[in-house]
*Asks:* 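Handing you this structure, nothing more for now.
Residue indices begin at 1 and follow the sequence shown. In this text the structure is predicted, and so the values were computed from the model without any measurement.
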Amino acid sequence: MERILIADFGSQYTQLIARRLREMNVYCEIFPFNKVPSPDSEVKGLILSGSPASVRDANAPQIDLTEFLGKLPVLGICYGAQYLAQTHGGEVLPSPSREYGRAILTVEAEDDPLFRNIDHTTQVWMSHGDTIQRLPENSRLLASTSDVRNAAFRFVNMPVWAIQFHPEVYHSTQGSTLLFNFIVGICGCSQDWTPANFVEHTVAYLKETIGDDNVILGLSGGVDSSVAAILLKQAIGDRLHCIFVDSGLLRHNEFEDVMASYRNLGLNVKGVDASARFFADLKGVSEPEEKRKIIGRDFVETFNEAASQISNARWLAQGTIYPDVVESASVAGPAAKIKSHHNVGGLPEKMHLKVIEPLRLLFKDEVRRVGVSLGMPDSLIGRHPFPGPGLAIRIIGDVTPEKVSILQQVDKIFIDNLRSAGLYNKVWQAGAILLPIQSVGVMGDERTYERCVALRAVTSVDGMTADWVHLPYDFLADTSNEIINKVKGVNRVVYDISSKPPATIEWE
């Protein structure tokens, strides 16, 4: 299918470029700057991303553009713009001061196709320490700001544009228009990247690739694995064997509810209750990373035991999505280990299976759109993300069945109240945390010394950053009262008002 290639020089905003293009129904792929493939007939253009590096550095990232320049449209953003200037006779020097934040761009070439339907003055977002002091020969100045004279230019002898600001960031108020002008107006993309299109292509690919083999898929109850399962079911029917492991660390009645949902979807799913194993192995363990490793190990062993009973299985399906793919191939290498069990690793090697990932080209919001196009119920599509280790990392300290039961009751009240108040779909993720402290309280005429729970609700796009949700005071008051009145052992409720960064979404 037609596509735009994005060369990643390490910018924090590179995935945003791809997201903006996908939102316009244009397919694109991100590649490390030194692994960009040669263009075929379906490639419509190339975008060069920003970078934390300087083009003046001796070890600055370099890219061979021989197969692109003069043959396909190219857009350089920030570092990409400076690289185009530096390698074509221009001059890039340190800025007198770091240029970061909002700026007002004045368009000086309103006739240029890149600035079609963009106001004469418009707000943009700058983020660079160098600036283009002198333009290359055979180039034309397109736009400036009060501090950045050469904020945008183009080559006059070939379809190459360069901008020193970031159109992919929301603070660039007409950035989406500029990107649309490039990918549709200049590159000629037809905007045919739709959920229905993806389903059609993916089901055909799965049929051809899998053939007559059986496929094993681990279901979690989350959006990604659920959508992957339905796609595979459309392709291979009952030769898809799903396994749903109950670690005992799920939400209240979640195992039973999700199993019922999967059966209603016609999935061939086996539920495995391994809660006793998980609780036994977690007994007395308080360190967060050790808890994650134990849960990951027990999941692999439980899953492997169930999968070994399935004959003629040649494939292991996983709900990997595009951010996972991009990060594992980033210019800086795989992300440093933040926590174990982020994805379940080791299964393909242990089981001697080939991996197939139906969603590896999609962002999370695209996965949901595909789920909607497949007719999946809102109860699955709209589910909040839930951590792989479950409630174990929402219990600070050691994990016991009693603590899990208390947290499940608190969590249920919180989530049910969000739904009944019409707030659930306005929150990206919500949950409760059981704190390792007890506090004095008064219930009736008696003093109590019981547990404290924290409620957490955040908004986010992909979980990389998050803001705490300003839930109504009345809602928080009612929820707190209900938790304290109904959950034995809890006498205090607090609300987490920290954002990510500097905090994380989960407490462990």
*Asks:* Under a 4.0 Å threshold between the charged nitrogen and the carboxylate oxygen, would D40 count as salt-bridged to R3?
*Replies:*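 Salt bridge present between R3 and D40.
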*Asks:* Please check if the side chain of Y79 supplies one atom and the backbone of S11 the other of a donor-acceptor pair under 3.5 Å.
*Replies:*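 Not at all, since once roles are kept as given, no pair shorter than 3.5 Å links the two residues.
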*Asks:* So, do L374 and Q234 sit near enough that their side-chain heavy atoms are less than 4.5 Å apart?
*Replies:*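 Of all side-chain heavy-atom pairs linking Q234 with L374, at least one is under 4.5 Å.
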*Asks:* Look up atom CG in L267 and atom CD1 in I230, then write down how far apart they are to the nearest 0.5 Å.
*Replies:*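 Answer rounded to 0.5 Å: 4.0 Å.
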*Asks:* Tell me every residue that passes ring-ring contact (aromatic ring centres under 6.0 Å, His included) with H171, counting only those two or more places apart in sequence or in another chain.
*Replies:*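 Partners of H171 by the ring-ring contact (aromatic ring centres under 6.0 Å, His included) criterion, ordered by chain and then number, come out as W125.
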*Asks:* Assess whether atom CZ of F475 is packed by more than 12 heavy atoms of other residues, nucleotides or ligands within 6.0 Å.
*Replies:*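 Atom CZ in F475 is crowded, with more than 12 foreign heavy atoms closer than 6.0 Å.
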*Asks:* Can R369 be said to sit on top of F198's aromatic six-ring, NZ or CZ under 6.0 Å from centre and within 45° of the ring axis?
*Replies:*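 No, R369 does not sit over the ring of F198.
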*Asks:* In terms of side-chain geometry, is the basic nitrogen of R251 or D257 positioned less than 4.0 Å from the acidic oxygen of its partner?
*Replies:*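 Salt bridge: no.
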*Asks:* With rounding to the nearest 0.5 Å, note down the distance linking OH in Y495 to CG in L471.
*Replies:*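 The OH atom of Y495 sits 3.5 Å away from the CG atom of L471.
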*Asks:* More than 12 non-hydrogen atoms from neighbouring residues, nucleotides or ligands closer than 6.0 Å to CG on D57, yes or no?
*Replies:*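 Enclosed.
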*Asks:* Checking the side chain of Y424 only, and the main-chain atoms of H384 only, is there a donor and an acceptor separated by less than 3.5 Å?
*Replies:*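 Yes, the answer is positive, given that a donor and an acceptor are paired below the 3.5 Å cut-off.
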*Asks:* Between S54 and D130, does the side chain to side chain donor-acceptor pair (under 3.5 Å) criterion hold? Intermediate values first, please.
*Replies:* CA-CA 7 Å; S54 168; D130 291 341; 2.5 Å; yes
*Asks:* Is it true that a side-chain atom of Q191 and a backbone atom of M24 form a donor plus acceptor pair closer than 3.5 Å?
*Replies:*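 Present.
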*Asks:* Below 30° counts as parallel, above 60° as perpendicular, anything between as tilted: where do the rings of F244 and Y262 land?
*Replies:*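 Ring orientation, 0 to 90° scale: perpendicular.
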*Asks:* Run the side chain to side chain contact (heavy atoms under 4.5 Å, CB included) test on V469 and K426 for me, step by step, so that the C-alpha distance in whole Å, both residues' side-chain angles and the decisive distance to 0.1 Å come before the verdict.
*Replies:* CA-CA 9 Å; V469 179; K426 298 178 181 179; over 6 Å; no
*Asks:* Within the distance-only criterion (no hydrogens, no angle test), does the side chain of Q429 pair as donor or acceptor with the backbone N or O of P385 below 3.5 angstrom?
*Replies:*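 Flag set: sc Q429 to bb P385 pair under 3.5 Å.
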*Asks:* Using the rule given for side chain to side chain contact (heavy atoms under 4.5 Å, CB included), can you reason through L359 versus L231, listing the C-alpha separation, both sets of side-chain angles and the distance that settles it, and then say yes or no?
*Replies:* CA-CA 9 Å; L359 307 177; L231 280 170; 3.6 Å; yes
*Asks:* Taking W315 for the side chain and V215 for the main chain, is one N or O donor matched with an acceptor at less than 3.5 Å?
*Replies:*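 No.
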*Asks:* Does any part of the side chain of C28, heavy atoms only, come nearer than 4.5 Å to the side chain of R22, both counted from C-beta?
*Replies:*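 Yes, at least one pair of side-chain atoms sits under 4.5 Å.
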*Asks:* What do you reckon, is CD of E42 surrounded by more than 12 foreign heavy atoms closer than 6.0 Å?
*Replies:*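 More than 12 within 6.0 Å, yes.
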*Asks:* Can you confirm whether Q133 is buried at CD, in the sense that more than 12 heavy atoms of other residues, nucleotides or ligands lie under 6.0 Å from that atom?
*Replies:*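 For Q133, atom CD is not crowded (no more than 12 foreign heavy atoms under 6.0 Å).
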*Asks:* Output yes when a side-chain donor or acceptor of T122 lies under 3.5 Å from a complementary backbone atom of D119, and no otherwise.
*Replies:*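 No, T122 side chain to D119 backbone: no donor-acceptor pair under 3.5 Å.
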*Asks:* Assess the residue pair I118 and L105 against the criterion (side chain to side chain contact (heavy atoms under 4.5 Å, CB included)); give the C-alpha distance rounded to whole Å, side-chain angles, the decisive distance to 0.1 Å, and a yes or no.
*Replies:* CA-CA 10 Å; I118 291 180; L105 185 79; 5.9 Å; no
*Asks:* Quick check for you: to the nearest 0.5 Å, what is the distance between N181 atom CG and D112 atom CG?
*Replies:*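 So the gap between those two atoms works out to 9.0 Å.
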*Asks:* Looking only at non-hydrogen atoms, find the nearest pair between L75 and A162 and report the distance.
*Replies:*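 Closest approach of L75 to A162, heavy atoms only: CD1-N, 4.5 Å.
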*Asks:* Would the distance check show the side chain of S51 and the main-chain N or O of G10 forming a donor-acceptor pair, the cut-off being under 3.5 Å?
*Replies:*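 A pair under 3.5 Å: no.
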*Asks:* Side chains of L265 and P377: closer than 4.5 Å at any heavy-atom pair?
*Replies:*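 Contact flag for L265/P377 side chains = yes.
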*Asks:* Y83 vs Q62, test: side chain to side chain contact (heavy atoms under 4.5 Å, CB included). Steps then yes/no.
*Replies:* CA-CA 8 Å; Y83 181 81; Q62 306 281 322; 3.4 Å; yes
*Asks:* Hey, is CZ on R116 packed in by over 12 heavy atoms from elsewhere, all under 6.0 Å?
*Replies:*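 Not buried by this count: 12 neighbours or fewer within 6.0 Å.
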*Asks:* Measuring from atom CD1 of I381 to atom CE of M376, what distance do you get when rounded to the nearest 0.5 angstrom?
*Replies:*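 So the gap between those two atoms works out to 4.0 Å.
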*Asks:* Run the salt-bridge test on D111 and R140 with the 4.0 Å N-O cut-off and return the result as yes or no.
*Replies:*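 Counted as a salt bridge, because a side-chain N and a carboxylate O are separated by less than 4.0 Å.
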*Asks:* Ignoring hydrogens and angles, tell me if any N or O in the side chain of S49 forms a donor-acceptor pair with the backbone of F9 under 3.5 Å.
*Replies:*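 Yes: the side chain of S49 pairs with the backbone of F9.
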*Asks:* Kindly confirm or rule out a cation-pi arrangement of R19 over Y13, judged by NZ or CZ under 6.0 Å from the six-membered ring centre and within 45° of its axis?
*Replies:*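 Here R19 fails the 6.0 Å and 45° test against Y13.
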*Asks:* Hey, could you give me the CD1/CH2 distance between I4 and W193, rounded to the nearest 0.5 Å?
*Replies:*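 Separation between the atoms: 13.5 Å.
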*Asks:* Verify side chain to side chain donor-acceptor pair (under 3.5 Å) between T173 and Q123, making sure each step is shown before the conclusion.
*Replies:* CA-CA 6 Å; T173 53; Q123 178 180 287; 5.4 Å; no
*Asks:* Does R456 use its side chain to pair, donor to acceptor, with the backbone of E506 at less than 3.5 Å?
*Replies:*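 Not a single qualifying donor-acceptor pair exists.
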*Asks:* Nearest 0.5 angstrom please: N268 CG to L217 CG, how far?
*Replies:*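 If we round to the nearest 0.5 Å, N268:CG and L217:CG are 11.0 Å apart.
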*Asks:* So does H166 get a backbone contact from the side chain of S172, meaning a donor-acceptor N/O pair under 3.5 Å?
*Replies:*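 Side chain of S172 to backbone of H166: a pair is present.
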